[in-house]
Number of protein chains: 2
Amino acid sequence: MEKPRVGLKDVARLAGVSVKTVSNVVNGYVHVTSATRSRVEAAIKELNYRPNLSARNLRQGRTGIIALAVPELDIPYFAELARLVVSAAEERGLTVLIDQTGASREREQLVAEGFRAHLIDGLIFSPLALTPEDLAARMDDTPMVLLGERVYDGPADHVVVDNVAAAKEATLHLAATGRRRIAAIGAQDDVAAETSRLRLAGYFEALAEVGLPADDRLVQHVDTYHRADGARAMARLLDCGQAPDAVFCFNDLLALGALRTLLERGHDVPGDVALAGFDDIEDGRYATPTLTTISPDKQAIARQAVDQLAARMAKGSQAEAREIRVPYELMIRESTGG
Amino acid sequence: MEKPRVGLKDVARLAGVSVKTVSNVVNGYVHVTSATRSRVEAAIKELNYRPNLSARNLRQGRTGIIALAVPELDIPYFAELARLVVSAAEERGLTVLIDQTGASREREQLVAEGFRAHLIDGLIFSPLALTPEDLAARMDDTPMVLLGERVYDGPADHVVVDNVAAAKEATLHLAATGRRRIAAIGAQDDVAAETSRLRLAGYFEALAEVGLPADDRLVQHVDTYHRADGARAMARLLDCGQAPDAVFCFNDLLALGALRTLLERGHDVPGDVALAGFDDIEDGRYATPTLTTISPDKQAIARQAVDQLAARMAKGSQAEAREIRVPYELMIRESTGG
DNA sequence: AACGTTGAATACAACGATGTATAGATGAGC
DNA sequence: GCTCATCTATACATCGTTGTATTCAACGTT
């Protein structure tokens, strides 16, 4: 019943060679006679030997594991991203360990400070609540790539989408369909909520450009970016007396929540109210009406993040922090009359 | 530029004590004078020392990591499950590494055969394409808990929902609303598709119980369980001449896809066609109409799986394989006129 | 005063793998 | 026939940590 852990030693004994020779076979070292090699391979198969990664990693100082830290896995945007990151990492022989921060500052600090130190070789991090100070205070020197707009001056690589431009483009599109009272759902009070600030900025830029007044009552604040927040915010908009004729939601979940409220109350979308989101999650493509949205190139985000992280792990930290810009696209669908 | 890896040795030198004493402090060993302890703690902080997990794991023979192997992370059901498993594991001090099998038999075989051997202490596995033979051939002795109906006689623990009873209940509910032509979407040809078979069985049982004929043309087969498959299957149902007045979809994604097709073609739900799903993912609660569905207690699934796995890891493999049944609930919502 | 008991700290070996140095075997070249 | 180079395989040290055995001092007991 005890664990008969099998190691190089056991294989070596069975094959009648030294431990190092077995190691050499396992690692594909060239100078091994084919006779010895096949004898060793037979022994490996017979004992069902698997290298012990802890030991290998201890010796080599690397684990081959990178962490992906996201707020929540069941937010579809992050789920889709996670899948792509895992695939991209796999192609490079890396294993991904996913950490959920729950968007809590405390958990994000832990991650940044490297509580997984020595377990991971690198970190892809999508922070929500972390302040620039937190990040500046980071002691851990594990290579890290941040996802999200570059707001920190620290020496960290970023993979970003131009949130301001994208939000502006979405809002302009709403205006182009003839809407005059364009609301926004997704503003946040938290100073660390950078994404929110940038998308809000884009929204205001667009309003200014087309000469529409900025009306504070049309800007709805939310605590988080879930469907329920969008639904409640939409209800507030409808109850405030002057209903909007278009809403730009800062992500698709907010938009889907808002859509639910609108349909529930008998409003026609896009007839009465046009709706645009951000992220292009699959849900939006199957909602009725289908959801107009900003589609960041998630595939590119994942690939660039992994590539950049791999480069950083190889080169060490001396290299300059890079900012990698990833393209996006406005997907016009039924919710804005597309 | 080199990495100045700091280990117990360095802390010990700085604090003027032996390596083991530092280790004792780190591990909270009792018999250390508070004077020594604080000296060591100061040194630890000064050097920003982090224990090397590879070394610790090598020594202890455990890694504290368990794997969760699911088909796809961006299937909401698995994303929600993943979040809950990660949380449950965390409470026990375990870290979760997520593997995506892509529902490919090859990848699932790899997982079952323990290609993560020595990296993980245990495995929670939700197989889709694996055959009983594959599982019987499993050599690796890493503790494993399977999610999904118990179809294998092998010595593996299972956490299951009674798929037959649940599917039957959903179908009976559709019949109880007066529907006569109740279709099913989600049958699969693959012999390994156990979930599909069980839900189909429940569907037929319900039809028999209420005296409705089983019509093969009303049973739609799909390749996978994504929205697109549901949408296509619904289209086939509508095009076959005799449209159904109710559809039981074997998961919520299929139902959401079907819903999209129905609304797109101008059918009223639930007026013309009632719709029920399975899984109770959040999307369904915000769709319009909201989706009637079977809600498995995911929280219980996650907790039971982690608990059972932890027990198995502690006790070794001698204990009997257990089957743990988790409750479900029929959530009646708008799509069936709730 | 001699004793055992307990507390505090230590030295050493071991976990399983790999890098380095090296020994012995084989062959090439003169 | 001898040296030198190359190939094959080995012994040993090492990565950072913790379990075991041990040392040494201080204490209370008889």
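In what follows, chains are A, B, ... by sequence order, proteins preceding strands, each numbered from 1.
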Between the side chains of [Y] and [X], is the shortest nitrogen-to-carboxylate-oxygen separation below 4.0 Å, so that they form an ion pair?
X        : Y        : value
A:Glu90  : B:Arg107 : yes
B:Asp307 : B:Arg92  : yes
B:Asp157 : B:Arg322 : no
A:Arg325 : A:Glu323 : yes

> Along nucleotides 10-22 of chain C, 5' to 3', which nucleotides get a B, which get an S, and which get a -, given that the test is a protein heavy-atom distance under 4.0 Å?
Replying inline: BB-BBBBBBBB--

Side-chain heavy-atom pair [X], [Y] within 4.5 angstrom cut-off:
X        : Y        : result
B:Arg138 : B:Met144 : yes
A:Ile124 : A:Val70  : no
B:Leu309 : B:Pro143 : yes
B:Val161 : B:Ile301 : yes

> Earliest and latest nucleotide of DNA chain D, 5' to 3', sitting under 4.0 Å from a non-hydrogen atom of chain A?
Replying inline: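 Boundary nucleotides touching chain A, in 5' to 3' order, are D:dC7 to D:dG16.
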
> Do you know which two heavy atoms are closest between A:Ala15 and A:Ala43, and how far apart they sit?
Replying inline: CB-CB, 4.0 Å

> What's the shortest heavy-atom distance between B:Thr101 and B:Pro71, and which atoms?
Replying inline: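 Scanning both residues completely, I find the closest heavy atoms to be OG1-CA, 3.3 Å.
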
>> So if I take the C1' atoms of five pairs at each end of the helix from C:dA1-D:dT30 to C:dC30-D:dG1 and get each local axis, what angle do the two axes make, rounded to 10 degrees?
In response: 50°

